[in-house]
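Throughout, numbering of the chain's residues begins at 1 and tracks the sequence.
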Amino acid sequence: MTHEERARNLFLEGYNCTQAVVAAFCDEMDIDKETALRMASSFGGGMGRLREVCGTVSGMFLVAGYYYGYNDPKDFQAKSEHYTRIQELAKRFRDENRSIVCRELLGLKEQASSPVPEKRTEEYYKKRPCPDLAACAARILEEYMEEHPA
């Protein structure tokens, strides 16, 4: 199963958008699934349903940080290279989906919404592009990783 398929399926199982993308790559990271899911849990709904950066994009960035991130605060070169990489991933997502902002992708006018998540019903899935966005983010990251091995 591809990362794209895994991310879509994980979202459809009930995981938030960020969790779906991060968990899709969990088998390849040296981190257990429970820890990865907890780490990613705050970013769903555009960061705690604030409708800011799309959670699938945040998930893509979290995984990219694991594979390519820097850990020396004085390594300006590594920091610059990593931010270049993150901006490239954002561009690829934006090119396909017109935005990286949750509320824009969902067609919402208001920034923040209730902190209470909606129930995952058939109607919910009909009005949300989120499973497709999770799949897209995972595919973009997988393609990037194939082009730029860590």
Side-chain angles (χ1 to χ4, degrees), residues 1-113 115 117-118 120 128-150:
M1 182 179 298
T2 66
H3 293 102
E4 180 177 2
E5 293 166 327
R6 275 190 240 158
R8 180 189 316 279
N9 290 344
L10 286 160
F11 186 85
L12 293 172
E13 284 178 32
Y15 293 105
N16 77 33
C17 40
T18 309
Q19 290 174 315
V21 174
V22 172
F25 288 86
C26 203
D27 292 347
E28 292 89 14
M29 296 188 292
D30 187 24
I31 184 171
D32 65 274
K33 186 175 178 181
E34 182 179 335
T35 300
L37 291 169
R38 286 176 173 273
M39 237 176 38
S41 66
S42 301
F43 297 90
M47 300 183 185
R49 296 194 86 224
L50 289 170
R51 306 303 186 196
E52 295 294 340
V53 173
C54 173
T56 67
V57 174
S58 294
M60 189 169 51
F61 294 170
L62 283 166
V63 175
Y66 176 85
Y67 282 103
Y68 303 104
Y70 63 93
N71 59 8
D72 179 352
K74 295 179 176 121
D75 189 345
F76 185 77
Q77 175 78 21
K79 186 185 266 191
S80 296
E81 288 173 5
H82 190 63
Y83 288 170
T84 298
R85 176 177 295 111
I86 294 305
Q87 288 187 13
E88 172 63 24
L89 290 168
K91 180 187 180 316
R92 291 183 187 196
F93 189 91
R94 189 182 296 112
D95 286 349
E96 288 193 35
N97 298 290
R98 83 187 183 297
S99 180
I100 65 166
V101 177
C102 176
R103 69 181 165 278
E104 293 172 3
L105 293 165
L106 296 180
L108 302 174
K109 303 232 184 292
E110 297 176 16
Q111 185 171 345
S113 57
E118 291 181 53
R120 297 286 184 95
R128 287 281 189 266
C130 305
D132 293 334
L133 294 173
C136 177
R139 178 182 44 76
I140 288 170
L141 182 57
E142 182 171 44
E143 289 169 356
Y144 185 90
M145 291 168 65
E146 288 171 1
E147 296 164 12
H148 305 92

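Just one residue in the list Glu96, Glu88, Arg94 forms a side-chain contact (heavy atoms from CB on, under 4.5 Å) with Arg92, and that residue is Glu88. Of the options Arg51, Met47, Arg49, a side-chain contact (heavy atoms from CB on, under 4.5 Å) to Cys102 is made by Arg51 and by none of the others.
Considering every non-hydrogen atom in both Leu10 and Ala24, the closest pair reads CD1-N, 3.5 Å. Here the closest heavy-atom approach between residue Cys54 and residue Leu105 is recorded as CB-CD1, 3.7 Å. Nearest approach of Tyr66 to Asp30, heavy atoms of both residues: OH-N, 2.6 Å. Taking every heavy atom of both residues into account, Leu106 and Pro129 meet most closely at CD2-CD, 3.5 Å. Across Val21 and Met60, no two heavy atoms sit closer than the pair CG1-N, 3.7 Å. Heavy-atom minimum distance, Ala7 versus Ala134: CB-O, 3.5 Å.
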Exercise. I would like to know whether Tyr68 and Tyr144 meet ring pair (Phe, Tyr, Trp, His ring centres under 6.0 Å); could you show each step before the answer?
Key: CA-CA 11 Å; Tyr68 303 104; Tyr144 185 90; 5.8 Å; yes

Quiz prompt | Worked verdict on Asn97 versus Cys136 for side-chain contact (heavy atoms from CB on, under 4.5 Å) | solution = CA-CA 9 Å; Asn97 298 290; Cys136 177; 3.4 Å; yes

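In this structure a side-chain-to-backbone donor-acceptor pair under 3.5 Å is present from Gln19 to Leu37. Between the side chain of Arg98 and the main chain of Glu104, a donor-acceptor pair closer than 3.5 Å is present.
The distance from atom OH of Tyr70 to atom CZ of Phe76, rounded to the nearest 0.5 Å, is 10.5 Å. In this structure, the separation between CD1 on Ile100 and CZ on Phe93 is 8.5 Å, given to the nearest 0.5 Å. Distance check, rounded to the nearest 0.5 Å: OG1 of Thr84 to CG of Leu89 gives 11.0 Å. Expressed to the nearest 0.5 Å, how far CD1 of Ile31 lies from CG of Leu62 amounts to 9.5 Å.
A salt bridge is defined here as a Lys NZ or Arg NE, NH1 or NH2 lying under 4.0 Å from an Asp or Glu carboxylate O, and Lys91 with Asp95 meets this definition. With salt bridges taken as basic N to acidic carboxylate O contacts below 4.0 Å, none links Arg6 and Glu142. Salt bridge annotation for Glu143-Arg139: present, with a cationic side-chain nitrogen under 4.0 angstrom from a carboxylate oxygen. At a threshold of 4.0 Å, the pair Glu81-Arg85 does not count as salt-bridged, since none of the basic side-chain nitrogens sits closer than that to a carboxylate oxygen.
Relative ring orientation between His3 and Phe25 is described as parallel, the plane-to-plane angle staying below 30° on a 0-90° scale split at 30° and 60°.
A cation-pi contact, defined as under 6.0 Å to the ring centre and within 45° of the axis, is absent between Arg120 and Tyr15.
The environment of Arg38 atom CZ is sparse: at most 12 non-hydrogen atoms of other residues, nucleotides or ligands sit within 6.0 angstrom. Within a 6.0 Å radius of CG in Asn71, other residues, nucleotides and ligands contribute 12 heavy atoms or fewer. In the displayed structure, Glu146 atom CD is contacted under 6.0 Å by more than 12 heavy atoms of other residues, nucleotides or ligands.
At a threshold of 4.5 Å between non-hydrogen side-chain atoms, the residues Phe43 and Val22 do not count as touching.
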